[in-house]
Amino acid sequence: MFALVDCNNFYVSCERAFQPALNGVPVVVLSNNDGCIVSRSAEAKALGIKMGEPLFQVRPLIEQHRVKVFSSNYALYGDMSSRVMNYLTEAAPEVEIYSADEAFLGLHGMARYLGSLETYARRIRAEVRQRTHIPTCVGIAPTKTLAKLANRVAKKDPTLDGVLSLETPEARQWALAKVPVQDVWGIGRQYAIKLHAQGIATAADLARCSDAYARKHLGGVVGARLVRELQGFPCHNLAPSEDGALSRQSIACTRTFGRPLNELADICGAVAAFASRAAEKLRRQGSVAHVLTVFISQNRFGPAPPPHTRSAQLTLPTATSSTLDLVSYATAILNRIWQPGQTYVKAGVILDGFEAAGQPQLSLFEKAPELTHPQASALMQRLDQLNARFGRAAVQVAAALPSQPKPRGTKAAPGVPWQGQQQHRTPAVTTSWDELWEIG
DNA sequence: TCTGGGGTCCTAGGACCC
DNA sequence: TCTGGGGTCCTAGGACCC
């Protein structure tokens, strides 16, 4: 059996945890750059504000109903997420952290010891709420896909009080019939259109499909597994998270700029900063990367036809996690793809092809790579320590700093040219000394 | 004026190898 | 007319997830 614990409206709930006055009123949280709606309270959903909608399109609705609006505060959400996950790691023998706000618990053979899994789930839910003020729902089922489905039904049906267990076939049939096919985990927009056109409207309909049908219409083996999981046959194992942290196969840092940019120096600063961030994340998970991709994008909503993005990928001679290496490779790639006279609105750096740091895999017949310079590695360690202590980006490579102010008489825009808007951000009350709550 | 930022897995096709 | 049968690696792209 699996349990899926999923936080309700996670970003909004994090804001509410420190501002109880937000309870009961409509609240939304915005994406980076204050562009789109990415989290909504139940009251905001009821007003018809949709997930992913651009802020400027719903502004009338927001003003009319006095919806509270917040820029995203990832320092706060990340910290709240670890609090929730740390507790879950204590509370269950096996935990897979699936995202910032969701975790699968492995409950194989646990019913013997726990008695009712549903009672256990209710206890977990109450504990998470008491410790963090974050509301959750829990779904229990023999497969991950059914646990997701159970969780969804628990969220929608208030009489269930946040927990639904699908341990019996009867319970499963009942739940499958209630869920529209587009709400099944793994059915997105494209598949939903196709399925409805063929008369498959609910999860129960989908669970009755043949293996051949699933393979043909739902992306091959992926779709076949999806249908099997709905039928109650597990195809996905738990992937337990070590140390309560996620370990990635790729790491990206990509951003829309605060305003469109056409100066190479400005874009170069952005790319250097993104490469630095990506390198930090890479070191934190103890990996080195072999492959580096840089891309720059023009406005995809503008009149110009696609493609809007230029990118290039580089296989590095030696896998590395050094900020200095990655910044210099990244800016070299940028110089190859940047075109003068064009205006760019976004850039990104993506790292791939990971190995564990300190033990690169040697391929047969290849010469051993040069050892990482101990000095460079010590330097990166100091860099990470300083930034942990004095705040992110306290120490940076010079390339990531904004270029020098322009000569007098020309008007220089204030601040870092590529940095985005954050007009509605709350303080990082749990992670920043400067922004701690003052009581008194 | 204003439109996010991460990730995953899978497939197909081409180059190349024996 | 007929024209092997595997492999691997890489890239691009699609679909999905939170």
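Just so you know, these numbers come straight off a predicted model, no measurement behind them. Worth knowing before you read on, the calculation uses all heavy atoms, side chains too, and leaves out hydrogens, waters and symmetry mates. Below, chains carry the letters A, B, ... as their sequence lines are ordered, and counting in each starts from 1.
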State which residues pass side chain to side chain donor-acceptor pair (under 3.5 Å) with [X]; sequence neighbours excluded, sorted by chain then number.
X         : answer
Arg248(A) : none
Ser287(A) : Gln285(A)
Gln19(A)  : none
Ser72(A)  : Tyr74(A)

- Task: Would you indicate which nucleotide in dG7(B), dG5(B), dC10(B) comes nearest to any side-chain atom of Arg248(A)?
- Result: dG7(B)
- Task: Choose from dC10(B), dG7(B), dG4(B) the nucleotide whose nearest atom is closest to any side-chain atom of Ala252(A).
- Result: dG7(B)
Could you tell me how far apart [X] ([atom1]) and [N] ([atom2]) are, to the nearest whole angstrom?
X         : N       : atom1 : atom2 : value
His424(A) : dC2(B)  : NE2   : C1'   : 11 Å
Arg215(A) : dT11(B) : CZ    : C1'   : 13 Å
His236(A) : dC10(B) : NE2   : C1'   : 12 Å
Leu218(A) : dT11(B) : CG    : C1'   : 15 Å
Asn237(A) : dT8(B)  : CG    : C1'   : 16 Å
Trp418(A) : dG5(B)  : CH2   : C1'   : 14 Å
Leu282(A) : dG6(B)  : CG    : C1'   : 16 Å
Phe257(A) : dG5(B)  : CZ    : P     : 10 Å

Pairing of [X] and [Y] as salt bridge, 4.0 angstrom limit:
X         : Y         : value
Glu102(A) : Lys148(A) : yes
Arg284(A) : Asp384(A) : no
Glu96(A)  : Lys144(A) : yes
Arg131(A) : Glu127(A) : yes
Glu280(A) : Arg277(A) : yes
Glu118(A) : Arg122(A) : yes

- Message: Applying salt bridge (Lys or Arg N to Asp or Glu O under 4.0 Å), can you list everything that pairs with Arg129(A), at least two apart in sequence or on another chain?
- Response: none
- Query: Got a sec, which residues hit salt bridge (Lys or Arg N to Asp or Glu O under 4.0 Å) with Arg152(A), two or more places apart in sequence or on another chain?
  - Reply: Asp183(A)
Give the residues of [range] touching DNA chain B, defined as any heavy atom closer than 4.0 Å, sorted by residue number.
range                       : result
residues 202-211 of chain A : none
residues 291-302 of chain A : Arg300(A), Phe301(A)
residues 27-46 of chain A   : Ser31(A), Asn32(A), Gly35(A), Cys36(A), Val38(A)
residues 50-62 of chain A   : Pro54(A), Phe56(A)

- Message: Is the positively charged end of Lys346(A) above the ring of Phe257(A), judged by distance under 6.0 angstrom from the centroid and angle within 45° of the axis?
- Response: no
Phosphate contact ([N] OP1 or OP2) by [X] side-chain N/O below 4.0 Å:
X         : N      : value
Ser250(A) : dT8(B) : yes
Arg259(A) : dT1(B) : no
Lys346(A) : dT3(B) : no

- Item | Closest-nucleotide 5' rank along DNA chain B - winner of Tyr11(A) and Gly219(A) | Tyr11(A)
- Just checking Lys194(A): base, sugar-phosphate only, or nothing, at a heavy-atom cut-off of under 4.0 Å? nothing
- Determine the contact category for Gln421(A): base if any of its heavy atoms lies under 4.0 Å from a base atom, sugar-phosphate if only primed atoms, P, OP1 or OP2 are that close, otherwise nothing. nothing
- Query: What is the per-nucleotide protein-contact pattern of nucleotides 12-18 of chain C, from the 5' end, where B denotes a base atom under 4.0 Å from a protein heavy atom, S denotes such proximity for sugar-phosphate atoms only, and - denotes neither?
  - Reply: ---SSSS
- Counting only heavy atoms not in Lys50(A), do more than 12 sit closer than 6.0 Å to its NZ atom? no
- Message: Centroid separation under 6.0 Å, is that true for the rings of Phe295(A) and Trp338(A)?
- Response: no
- Rounded distance [0.5 Å steps], CG in Leu292(A) versus OG1 in Thr315(A): 9.5 Å
- When rounded to the nearest 0.5 angstrom, what is the spacing between CG in Asn23(A) and CD in Glu43(A)? 8.5 Å
- For DNA chain C, the dot-bracket pattern of Watson-Crick and G-U pairs whose distances stay under 3.5 Å, | for other-strand partners: ....||||||||||||||
- Query: What integer number of Å spans the C1' atoms of dG4(C) and dC17(B)?
  - Reply: 14 Å
- Query: For residues Tyr213(A) and Gln198(A), is any side-chain donor paired with an opposing acceptor at under 3.5 Å?
  - Reply: yes
- So, Asn73(A) and Thr426(A): side-chain donor and acceptor under 3.5 Å apart, yes or no? yes
- Message: Applying the side-chain hydrogen bond (donor to acceptor under 3.5 Å, both in side chains) criterion to Ser297(A), which one of Thr256(A), Thr309(A), Thr254(A) satisfies it?
- Response: Thr309(A)
